[in-house]
Number of protein chains: 2
Amino acid sequence: MNVDFAKHAQVQAKLSTEAPLDPRIQALVNEVIARVADKWTMIIIDVLAEHGALRFTQLAGKVSGISQKMLTQTLRDMEREGLVTRTVYPVVPPKVEYQLTDLGLGLGAAFCGVWIWAEQNLEGIEQARMAYDARNQAR
Amino acid sequence: MNVDFAKHAQVQAKLSTEAPLDPRIQALVNEVIARVADKWTMIIIDVLAEHGALRFTQLAGKVSGISQKMLTQTLRDMEREGLVTRTVYPVVPPKVEYQLTDLGLGLGAAFCGVWIWAEQNLEGIEQARMAYDARNQAR
DNA sequence: CGGAATCCGGTACGATACTG
DNA sequence: CAGTATCGTACCGGATTCCG
């Protein structure tokens, strides 16, 4: 009811600037978004964007709450999509470094907007959540 | 090895502009990102940003590949986070409309960058994927 | 030693059938 | 029309084991 239609129009404009509503392209982009809009992928990109090249265990330490398996899996997927490079140094103890590619950096830059949005709207989301829970508790 | 460090620095700068590396805030933002960086959430936001208010079945039609269950669940979560409003019209046949809130619109706008990135780098990702698969096939 | 592959319990997901 | 309910499946996550 309290929706800002001006901002809405702005979003529409921005979207249609680059997306001329071609269904095929739309589907492809959707697929890419679906792949990339992953919980861990985003956080890993952020960590790598902040720290540069990192080793596996360093990465595991920075990305709190992730299991080794998911970290491995996510990194593999990201490598497949060309978001990170995986460099193995044949030394003992073994050393593997992960680093963002240009593609990954670009995604990181693009995702900055969302990051900033998340920061600025932390409270709003918290409030909405509490309001929703209160509403549901009542019934 | 072919990483653009200038762009890297730019990403860092952008990130540190609004994120002064406070661990607590970082964790909260991470949590929000993790919630919001969902495959379906993003696509639904995009569809709603494009079309305005939509009914359940319309939404189901526009978001190809989603099941009723996930659509319901995702919409509920989004409502809880304050991203969409759910309006029930007490008529027969029943009618429920979903619409982005200001918060949701903001997220849509913030996500535009990622959307554009996805479009511009479709080919790059496709190439990276094929190269990776070829590499893996060889071994 | 650090990183990846393996097994297994839990949970989230998809398809179908059923209410208001 | 807009969901809930149920059930089978596939994926997620933890602990363990294996490889270089």
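Protein chains get the first letters and strands the later ones, always in sequence-line order, with residue 1 at the start of each.
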Spell out protein contact along nucleotides 14-20 of chain D as letters: B when the base is contacted, S when just the sugar-phosphate is, - when no protein heavy atom is under 4.0 Å; keep the 5' to 3' order.
B-----B
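Taking each heavy atom of B/Leu107 and A/Trp117 in turn, the nearest pair found is N-NE1, 3.3 Å. For the pair A/Met42 and A/Ala37, the tightest heavy-atom approach, listed with the atom from each and the gap, is CE-CA, 3.9 Å. The two residues B/Phe56 and B/Gln68 have their closest heavy-atom pair at CZ-O, 4.1 Å. Between B/Ala118 and A/Val32, the closest heavy-atom pair is CB-CG1, 4.0 Å. What you find for A/Thr101 and A/Val84 is that their closest heavy atoms are CG2-C, 3.7 Å.
For D/dA2, one of the phosphate oxygens OP1 or OP2 lies less than 4.0 angstrom from a side-chain nitrogen or oxygen of B/Arg55. Within the 4.0 Å cut-off from OP1 or OP2 of D/dA2, at least one side-chain nitrogen or oxygen of B/Thr57 is found.
To the nearest 0.5 Å, the span separating CZ on B/Arg76 from CZ on B/Arg86 amounts to 4.5 Å.
Distance CG (B/Leu71) to P (D/dC1): 15 Å, rounded to an integer number of Å. Spacing between atom CD of A/Gln73 and atom P of D/dG13 amounts to 9 Å, rounded to whole angstrom units. Taking atom CG of residue B/Leu75 and atom P of nucleotide D/dG3, one finds them 8 Å apart after rounding to whole Å. Atom-to-atom, CG of B/Leu54 to C1' of D/dA2 comes out at 15 Å; the value is rounded to the nearest Å.
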A/Thr41 and A/Arg35: CA distance, side-chain angles, deciding distance, side chain to side chain contact (heavy atoms under 4.5 Å, CB included) verdict
CA-CA 9 Å; A/Thr41 303; A/Arg35 272 181 187 271; over 6 Å; no
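Judged by closest nucleotide on DNA chain C, A/Arg76 is the one of B/Trp40 and A/Arg76 placed further toward the 5' end.
In 5' to 3' order, the nucleotides of DNA chain C bounding all contacts with chain B (an atom under 4.0 Å from a heavy atom) are C/dC13 to C/dG20.
For the side chain to side chain contact (heavy atoms under 4.5 Å, CB included) test with B/Ile66, the passing option among B/Ile43, B/Thr72, B/Leu71 is B/Leu71; the others fail.
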